[in-house]
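Everything below concerns the one structure shown next.
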2 protein chains.
Amino acid sequence: MTGTGGDVLAKTRRFSRPRELVRATLDDSDVFLTAQGVHDRLRASGERVGLSTVYRNLQLLADDGEVDVLRSEGGEALYRACGDRHHHHLICRRCGLAVEVSGPGVERWAARIAEENGFVDVTHSIELFGLCASCAAASA
Amino acid sequence: MTGTGGDVLAKTRRFSRPRELVRATLDDSDVFLTAQGVHDRLRASGERVGLSTVYRNLQLLADDGEVDVLRSEGGEALYRACGDRHHHHLICRRCGLAVEVSGPGVERWAARIAEENGFVDVTHSIELFGLCASCAAASA
DNA sequence: TTGCATAACGATAACCATCGTCATTAGCAT
DNA sequence: ATGCTAATGACGATGGTTATCGTTATGCAA
């Protein structure tokens with residue numbers, strides 16, 4: 001039988017300049033970006049990449065685990081390049097600044113809760129939204 | 001002068017049958033519902049309430065702290081009646097079954113992380129998504 | 001290097017959740 | 001009852017995201 005859950009489907013992935021641009025845009029940013037945001041940055045730097053292409057590649061990169069995806073409080077998808085180790089974020093809801101945080105204890109807590117309730121294939125969304133120091137100062 | 005920030009604005013809130021129906025629908029459900037879901041249930045029970053009205057009241061109830069709102073992995077808003085004490089959820093991504101869970105340790109962790117990074121006005125979104133026992137069995 | 005199969009592109013239309021508009025209806029205080 | 005206005009609900013507008021599809025271009029092999 002196939003392994004549990006989706007994984008090594010060995011999809012052929014061809015090189016493409018647009019994808020590299022999207023990846024680079026995320027790499028160059030220290031904040032979470034929306035698809036539109038990535039598109040805007042590309043346009044601002046003189047690159048013309050279709051919006052569809054940005055969405056498509058953002059999804060591909062997410063599927064490949066190269067970028068983190070999370071939902072803003074408003075429900076939009078936010079993307080960011082990230083290391084491969086598991087972590088969560090503390091995000092400024094004003095400027096988007098994201099700080100990677102980790103909490104081994106939290107991971108264990110989540111796993112235990114899931115198990116105690118008979119849930120399987122559990123993922124968790126643990127994100128903290130607030131105002132970073134500079135934004136808090138700016139709005140004082 | 002008016003108080004700082006939004007809280008006791010003492011907004012006049014008039015009774016309305018549609019709002020009671022929305023509230024009742026959430027009260028009768030043990031799963032998180034989308035606005036559409038609430039609307040569908042109302043229609044199924046023979047009640048005719050405008051979709052706009054459902055959205056509007058869901059928002060009002062959320063503002064009043066009578067219902068929990070969270071985002072599904074797909075970005076849709078999910079609503080559920082809830083107690084007033086702070087808690088999180090373990091949600092079945094198939095059937096929507098939601099188990100309220102709590103983690104004092106997690107709360108402290110979140111608060112500490114926020115403080116260490118100079119963030120203020122921090123809220124956290126901590127939700128676990130998985131497959132409940134029955135749904136897992138059903139898809140085996 | 002040339003060809004081919006097809007991944008990827010990108011402009012556009014389709015989708016869908018959610019919100020805004022506005023004329024009509026209906027709580028509720030006097 | 002009467003008036004003020006919150007609330008309704010049909011409908012159109014918005015905005016993020018996805019699907020469509022003809023065109024372009026990558027990667028492999030002859």
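Below, chains carry the letters A, B, ... as their sequence lines are ordered, and counting in each starts from 1. What you see below is based on every heavy atom in this structure, not just the backbone, and it leaves out hydrogens, waters and symmetry mates.
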Q) Any sub-3.5 Å donor-acceptor pair from B:His39's side-chain atoms to B:Val49's backbone N or O? A)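 Yes; judged by distance alone, with no hydrogens or angles, the pair exists.
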Q: Measure from the side-chain N and O atoms of A:Arg19 to the backbone N and O of A:Arg14, and report whether any donor-acceptor pair falls under 3.5 Å.
A: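 The answer is yes, because a donor-acceptor pair under 3.5 Å joins these two groups.
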In whole Å, what is the span from the [atom1] atom of [X] to the [atom2] atom of [N]?
X	N	atom1	atom2	value
A:Tyr55	C:dA14	OH	P	18 Å
A:His39	D:dG15	NE2	P	16 Å
A:Leu58	C:dC9	CG	P	12 Å
B:Glu76	D:dG16	CD	C1'	13 Å
A:Arg13	C:dC9	CZ	P	10 Å
B:Asp63	D:dA7	CG	P	12 Å
B:Asn57	C:dT18	CG	P	15 Å
A:Phe15	D:dT26	CZ	P	8 Å

Q | Minimum-distance nucleotide (side-chain atoms of B:Leu51 versus D:dT17, C:dT18, C:dA7) | A |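 Nearest to the side-chain atoms of B:Leu51, counting from C-beta on, is C:dT18.
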Q: Tell me which nucleotide among C:dG10, D:dG27, C:dA26 gets nearest to the side chain of A:Val49.
A: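 The answer is C:dG10, which lies nearest to the side chain.
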Q: Check every strand shown and say whether B:Arg56 touches a base, only sugar-phosphate, or nothing at a heavy-atom separation below 4.0 Å.
A: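 If one applies the 4.0 Å heavy-atom cut-off, B:Arg56 turns out to touch a base.
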Q.
What I want to check is whether the side chains of B:Thr25 and B:Glu47 have a donor and an acceptor closer together than 3.5 Å.
A.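 No, B:Glu47 and B:Thr25 have no side-chain donor paired with an acceptor closer than 3.5 Å.
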Check this one for me: any side-chain N or O of [X] less than 4.0 Å away from OP1 or OP2 of [N]?
X	N	value
A:Ser16	C:dC9	yes
A:Gln36	D:dT17	no
A:Thr53	C:dG10	yes
A:Arg19	C:dA8	yes

Q. For DNA chain D, whose closest nucleotide is more 5', that of A:Gly75 or that of B:Gly50?
A.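 Its nucleotide being nearer the 5' end, the pick is B:Gly50.
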Q: Just say parallel, tilted or perpendicular for the rings of B:His124 and B:His88, cut-offs at 30° and 60°.
A: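 Geometry flag for B:His88 against B:His124: tilted rings.
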Q) Nearest nucleotide by nearest heavy atom, which residue falls closer to the 5' end of DNA chain C, B:Arg17 or B:Ser52? A)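 Looking at the nearest nucleotide for each, B:Ser52 comes out on the 5' side.
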(Q) Please say yes or no: joined through hydrophobic side-chain contacts below 4.5 Å, possibly via intermediate residues, are B:Val67 and B:Leu70 part of one cluster? (A)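 The answer is no; the residues belong to distinct hydrophobic clusters.
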